2 protein chains.
Amino acid sequence: MSSSPGLAEVARLAGVSLATASRVVSGRGPASAASREAVRRAAAEVGYVPHPVASRLARGAGTRILFAVRDRRAGIVHDPFVTRAAAAMAAAVDADGLGVSLRHLPLDAAAGLERIAADRSVAAVVLAGHDSLDDVPAGLRGRFAAIGADGLDVDSAAGIGALLRHLHVIGRRRIALVSGPAWLAAARAPLGAYTTLMREAGLPIRVVPGDFTAGRGRLAAATVLRRWPDTDAIAAVSDATAFGVLQSLAAAGVRVPCDVAVTGFDDIPVAACVSAALSTATHPVELIAAAAAKAALGADSSARLFPSRPVLRSTA
Amino acid sequence: MSSSPGLAEVARLAGVSLATASRVVSGRGPASAASREAVRRAAAEVGYVPHPVASRLARGAGTRILFAVRDRRAGIVHDPFVTRAAAAMAAAVDADGLGVSLRHLPLDAAAGLERIAADRSVAAVVLAGHDSLDDVPAGLRGRFAAIGADGLDVDSAAGIGALLRHLHVIGRRRIALVSGPAWLAAARAPLGAYTTLMREAGLPIRVVPGDFTAGRGRLAAATVLRRWPDTDAIAAVSDATAFGVLQSLAAAGVRVPCDVAVTGFDDIPVAACVSAALSTATHPVELIAAAAAKAALGADSSARLFPSRPVLRSTA
DNA sequence: CTGAAAGCGCTAACAT
DNA sequence: ATGTTAGCGCTTTCAG
């Protein structure tokens with residue numbers, strides 16, 4: 001009933017050395033079937049729970065994976081996609097006894113990456129928003145991955161392609177694309193897919209640049225309507241952009257999908273819900289979560305009840 | 001130019017003992033101004049970067065804070081609110097060299113909590129979805145916080161109250177509430193606020209239970225319309241519910257806000273955008289993020305390009 | 001294949 | 001206030 005049986009306890013009970021017990025439990029290094037069995041049994045008997053922190057310290061490995069997001073705005077860490085990703089990682093590494101931390105990196109990330117490489121508590125790094133991987137320090141070699149710049153990304157060309165084909169199938173022949181910003185590497189694939197497919201089908205190319213936001217989606221739709229009034233479909237490269245397009249079309253009295261069909265990309269949760277600009281009240285989830293983390297760590301913050309502010313829009 | 005100067009190096013350079021250096025650097029324990037200064041200088045000189053993992057191992061503290069969400073569905077870890085919270089924590093603990101991991105706990109969480117308490121890699125725990133804190137093991141005492149059950153929550157009573165007052169100001173007198181499930185502690189505050197305010201204002205009480213989802217919002221709105229046809233406002237306790245209400249009203253030909261005003265709660269990002277059910281394509285952010293985490297940790301997964309599936313709804 | 005021993009980098013008594 | 005001395009729990013050469 002001691003606090004927590006360690007590997008030493010297990011080794012003694014199994015009649016082997018600490019080293020052997022370690023080899024068996026961690027699965028690295030040789031071990032005879034006999035001792036393997038003995039250690040297994042002993043571990044089960046005393047209810048051995050490994051201590052990842054000790055293990056990692058001994059190995060010189062860190063205990064957290066750092067999710068570093070490069071962006072102009074520090075608020076990027078609250079971006080829905082970033083949070084989805086961070087949470088997914090946090091769930092993914094749980095079983096390994098690791099955690100993930102999230103960090104915003106300004107555009108000139110070189111220095112930031114050096115500091116990360118020097119931090120021995122960092123087991124590995126996941127980068128996002130890094131178009132070029134040239135500035136990744138050597139110290140990170142072998143222990144980082146880059147979403148969106150490393151072949152590690154959604155197959156947006158195929159996704160957009162499937163949607164464009166669908167539009168063609170339902171008879172649309174004058175399809176416009178609201179693309180991502182031209183300078184963004186991640187925006188090339190959808191644009192390429194669009195261009196290729198339109199050419200193959202002998203259809204006109206109608207591209208208006210966007211930036212993944214609803215605001216630019218609104219502008220883009222207006223531009224499309226003005227420049228090519230006979231457009232019968234608009235494909236946007238993000239759901240947010242599509243929402244903007246829809247708003248713009250509604251304002252112009254264009255019926256969807258009879259007059260103009262619209263497609264987005266992402267399938268964010270609300271994509272399935274219609275809505276009007278909603279009157280509501282804020283819910284400071286981030287503040288509360290951060291406070292909870294601090295509180296759990298022992299810092300007794302005074303604030304326990306967080307204010308909610310009404311946000312009045314068009315429904316009330 | 002050695003790999004990483006340790007505290008020993010700093011201590012030697014500062015001409016003090018390891019212990020003193022530790023005291024200064026960690027800030028715990030006494031230290032004369034003189035040695036404090038010496039250590040500071042030495043640390044800066046060699047570019048000392050503390051090793052949180054070693055520190056925490058020596059202290060017997062864990063290296064991650066575990067966000068444990070109790071719910072019926074394992075998919076709760078992808079809930080937008082959960083991800084927002086998890087990401088916010090991950091950003092909050094970054095500076096401390098800690099990480100956060102995310103875990104789903106089934107409804108009979110007792111066993112799960114025991115295991116968490118026994119895991120020495122866990123520095124602290126943040127609980128969500130735990131209405132009662134009776135089943136929290138003693139081993140977690142002093143190192144956990146509970147969102148929603150510990151006074152650590154949004155002030156929803158005030159938030160809803162402000163909205164209701166607004167509705168009253170704009171002349172609404174027959175206000176219905178789509179509440180949360182009756183058995184949920186978190187649902188009591190909004191309901192209480194509503195009841196109190198309606199009574200004080202001498203207005204009728206019209207409550208229909210919901211469950212925070214859009215689906216129940218739709219049903220609830222229909223119920224309201226049938227039961228109290230003269231209702232001129234519907235307050236929902238979540239934005240998702242409000243979206244459902246809006247859909248239902250639109251289907252019934254009720255104009256918003258002229259006929260019926262609607263309010264939600266949460267201010268989720270899309271609350272400001274209108275939309276029709278959108279045709280789009282999936283974007284498996286979670287899969288990619290999890291793969292990225294694994295890849296960063298050295299597991300060479302084969303999948304690098306993740307499939308996107310078209311989701312056809314009403315706009316195309 | 002196995003064991004003894006020397007750490008990983010820092011902290012915490014205890015004594016001075 | 002400071003130094004000495006054991007560890008934290010596990011890994012890993014290096015012999016045997």
Side-chain angles (χ1 to χ4, degrees), chain A residues 2-40 42-43 46-64 96-98 118-123 298, chain B residues 2-40 42-43 46-64 96-98 118-123 298:
Chain A
S2 64
S3 54
S4 267
L7 205 45
E9 185 79 11
V10 173
R12 207 161 38 63
L13 213 156
V16 300
S17 78
L18 188 56
T20 300
S22 171
R23 293 191 189 103
V24 173
V25 167
S26 68
R28 61 182 108 246
S32 71
S35 38
R36 203 166 351 222
E37 189 45 37
V39 172
R40 287 259 145 74
V46 300
Y48 171 69
V49 179
H51 191 159
V53 179
S55 161
R56 305 216 136 233
L57 171 61
R59 251 181 310 160
T63 57
R64 55 176 178 150
D96 302 320
L98 299 179
D119 185 334
R120 287 106 102 224
S121 74
V122 173
Chain B
S2 63
S3 52
S4 267
L7 204 48
E9 185 80 12
V10 173
R12 205 162 39 64
L13 213 156
V16 301
S17 77
L18 227 190
T20 299
S22 171
R23 292 192 189 102
V24 173
V25 168
S26 69
R28 61 182 105 247
S32 71
S35 38
R36 205 171 344 227
E37 190 45 37
V39 172
R40 286 261 146 74
V46 300
Y48 171 69
V49 179
H51 194 330
V53 179
S55 163
R56 304 218 137 231
L57 172 62
R59 250 181 312 159
T63 56
R64 53 175 180 152
D96 302 320
L98 299 179
D119 184 336
R120 287 106 102 222
S121 74
V122 174

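Computed from a predicted model, the values in this text were never measured in an experiment. A note on names: the letters A, B, ... follow the listed sequences, proteins ahead of strands, and every chain is numbered from 1.
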Between [X] and [Y], is there a donor-acceptor pair closer than 3.5 Å when you use the side chain of the first and the backbone of the second?
{"X": "A:R40", "Y": "A:S35", "answer": "no"}
{"X": "B:R56", "Y": "B:G62", "answer": "yes"}
{"X": "B:R36", "Y": "B:A31", "answer": "yes"}
{"X": "B:S55", "Y": "B:H51", "answer": "no"}

Select base, sugar-phosphate, or nothing to describe what [X] touches, counting heavy atoms under 4.0 Å on all strands.
{"X": "A:G60", "value": "nothing"}
{"X": "A:L7", "value": "sugar-phosphate"}
{"X": "B:V53", "value": "nothing"}

- Item | Sub-4.0 Å heavy-atom contacts from residues 18-26 of chain B onto DNA chain D, ordered by number | B:A19, B:T20, B:R23
- Item | Strand contacts (DNA chain D) in residues 28-40 of chain B, 4.0 angstrom heavy-atom criterion | B:P30, B:A31, B:S32, B:S35
- Message: Taking B:D96 first and then A:R64, would you say they form a salt bridge - that is, a charged N and a carboxylate O separated by under 4.0 Å?
- Response: no
Mind calculating the distance between [atom1] ([X]) and [atom2] ([N]) to the nearest angstrom?
{"X": "B:Y48", "N": "C:dG9", "atom1": "OH", "atom2": "C1'", "answer": "8 Å"}
{"X": "B:H51", "N": "D:dC8", "atom1": "NE2", "atom2": "P", "answer": "18 Å"}
{"X": "B:R59", "N": "D:dC8", "atom1": "CZ", "atom2": "C1'", "answer": "12 Å"}
{"X": "B:L57", "N": "D:dG9", "atom1": "CG", "atom2": "C1'", "answer": "6 Å"}
{"X": "A:R56", "N": "D:dC10", "atom1": "CZ", "atom2": "C1'", "answer": "12 Å"}
{"X": "A:R12", "N": "C:dG3", "atom1": "CZ", "atom2": "C1'", "answer": "16 Å"}

Please give me the minimum heavy-atom distance between [X] and [Y], naming the atom from each residue.
{"X": "B:Y48", "Y": "B:V25", "answer": "CE2-CG1, 3.8 Å"}
{"X": "B:S121", "Y": "A:G97", "answer": "OG-O, 3.9 Å"}
{"X": "A:P52", "Y": "A:P50", "answer": "CD-O, 3.2 Å"}

- Note on the structure: Angle separating the five-pair end axes of the helix from C:dC1-D:dG16 to C:dT16-D:dA1, nearest 10°, is 30°
To the nearest 0.5 Å, tell me how far [X] [atom1] sits from [Y] [atom2].
{"X": "B:L18", "Y": "B:R23", "atom1": "CG", "atom2": "CZ", "value": "10.5 Å"}
{"X": "A:T63", "Y": "A:L57", "atom1": "OG1", "atom2": "CG", "value": "10.0 Å"}
{"X": "A:S4", "Y": "A:E9", "atom1": "OG", "atom2": "CD", "value": "11.0 Å"}

- Query: Can you check whether B:S55 has a side-chain N or O nearer than 4.0 Å to OP1 or OP2 of C:dG9?
  - Reply: no
